[in-house]
Amino acid sequence: MRLVREDGFVVCQRCVVADSALTRMKGLLGRKRLDDGEGLLIKPAGSIHMFFMRFPIDAVFLDRGLRVVKIVPDLKPWRMAAARGAKVVLEIAAGEAARRGLETGQLLTLAAEEEGDEPAQR
């Protein structure tokens with residue numbers, strides 16, 4: 001799957017959806033990093049923890065309609081984060097939220113990944 005902003009800009013090219021108890025619990029555990037354009041969309045989730053993680057991430061908290069309600073940049077291992085009203089969390093590589101121009105209030109859309117897409121289309 002891929003996640004795009006209202007203007008069509010791709011926020012997360014290869015977005016894995018974690019929507020079962022097992023996939024939400026596993027999250028990014030065991031990973032050494034997230035590559036450019038890669039992310040994990042956890043739902044339902046209004047908070048996350050970074051226990052046993054090996055690398056920092058940007059956590060983008062979204063409401064039920066995938067509107068950005070809070071961005072926690074550079075969330076380090078062994079920390080926690082939450083957002084009031086959040087129902088979904090996008091975990092992307094540290095610094096990607098700023099590089100992709102994510103801001104509070106933006107509406108995102110989940111779409112099927114298209115062949116030949118570039119990780120950043122602008």
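Along the sequence shown, the residues carry numbers beginning at 1.
Distance CD/Glu38 to CG/Leu28: 8.5 Å, rounded to 0.5 Å. Taking CZ of Phe9 as the reference point, atom CG of Leu102 lies at 8.5 Å (rounded to 0.5 Å). Of the inter-residue distances, the one linking Leu29 atom CG with Met50 atom CE reads 9.5 Å to the nearest 0.5 angstrom. In this structure, CZ on Arg5 lies 12.0 Å from OG1 on Thr109, to the nearest 0.5 angstrom. Considering CG of Leu3 and CG of Leu110, their distance stands at 6.0 Å, rounded to 0.5 Å.
Side-chain heavy atoms closer than 4.5 Å link hydrophobic residues (I, L, V, M, F, W, Y) into clusters, and following such links, possibly through other members, connects Leu40 to Leu75. Note on Met80 and Phe55: same hydrophobic cluster, where clusters join Ile, Leu, Val, Met, Phe, Trp and Tyr whose side-chain heavy atoms are under 4.5 Å apart, directly or indirectly. By the criterion of side-chain heavy atoms lying less than 4.5 angstrom apart, applied directly or through intervening Ile, Leu, Val, Met, Phe, Trp or Tyr residues, Val72 is not grouped with Val11; the two fall into different hydrophobic clusters. Cluster annotation: Ile48 and Trp78 are assigned to the same hydrophobic cluster (Ile/Leu/Val/Met/Phe/Trp/Tyr, side-chain heavy-atom contacts under 4.5 Å, transitive).
For Arg79, the CZ atom is loosely surrounded, since the number of other residues' heavy atoms within 6.0 Å does not exceed 12. No more than 12 heavy atoms of other residues, nucleotides or ligands shown are found within 6.0 angstrom of CZ on Phe52.
Between the Arg24 side chain and the Ile42 main chain, no donor and acceptor come within less than 3.5 Å of each other. The main-chain N or O of Gly85 is never found under 3.5 Å from a side-chain atom of Asp63 such that the two would form a donor-acceptor pair. Side chain of Arg31 to main chain of Arg33: a donor-acceptor pair is present (N/O by atom type, distance under 3.5 Å, no hydrogens or angles). Between the side chain of Lys43 and the backbone N or O of Val17 there is no donor-acceptor pair closer than 3.5 Å. Remark: the backbone N or O of Ala112 is paired with a side-chain donor or acceptor of Arg2 at under 3.5 angstrom.
When all heavy atoms of Ser47 and Phe61 are compared, the closest pair comes out as CA-CE2, 4.0 Å. Residue Ala83 comes nearest to Val69 through the heavy atom pair CB-CG2, 4.2 Å, listed as atom of the first residue, atom of the second, then distance. Nearest heavy-atom pair across Asp58 and Ala98 is OD2-N, 4.4 Å. Closest approach of Pro56 to Pro77, counting heavy atoms only: N-CD, 4.1 Å. Closest approach of Leu41 and Cys15 over heavy atoms only: CB-SG, 3.7 Å.
Residues Leu62 and Leu108 meet the side-chain proximity criterion, which asks for heavy atoms closer than 4.5 Å.
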If you look only at distance, which donor and acceptor atoms sit under 3.5 Å apart when one is on a side chain in residues 87-96 and the other is two or more places apart or in another chain?
residue, atom, partner, partner atom, Å
Glu96, OE1, Arg100, NE, 2.9
Glu96, OE1, Arg100, NH2, 3.3
Glu96, OE2, Arg99, NE, 2.8
Glu96, OE2, Arg99, NH2, 2.9

>> Pair Gln13, Val10 - check side chain to side chain contact (heavy atoms under 4.5 Å, CB included), show working.
In response: CA-CA 6 Å; Gln13 181 64 36; Val10 177; 3.5 Å; yes
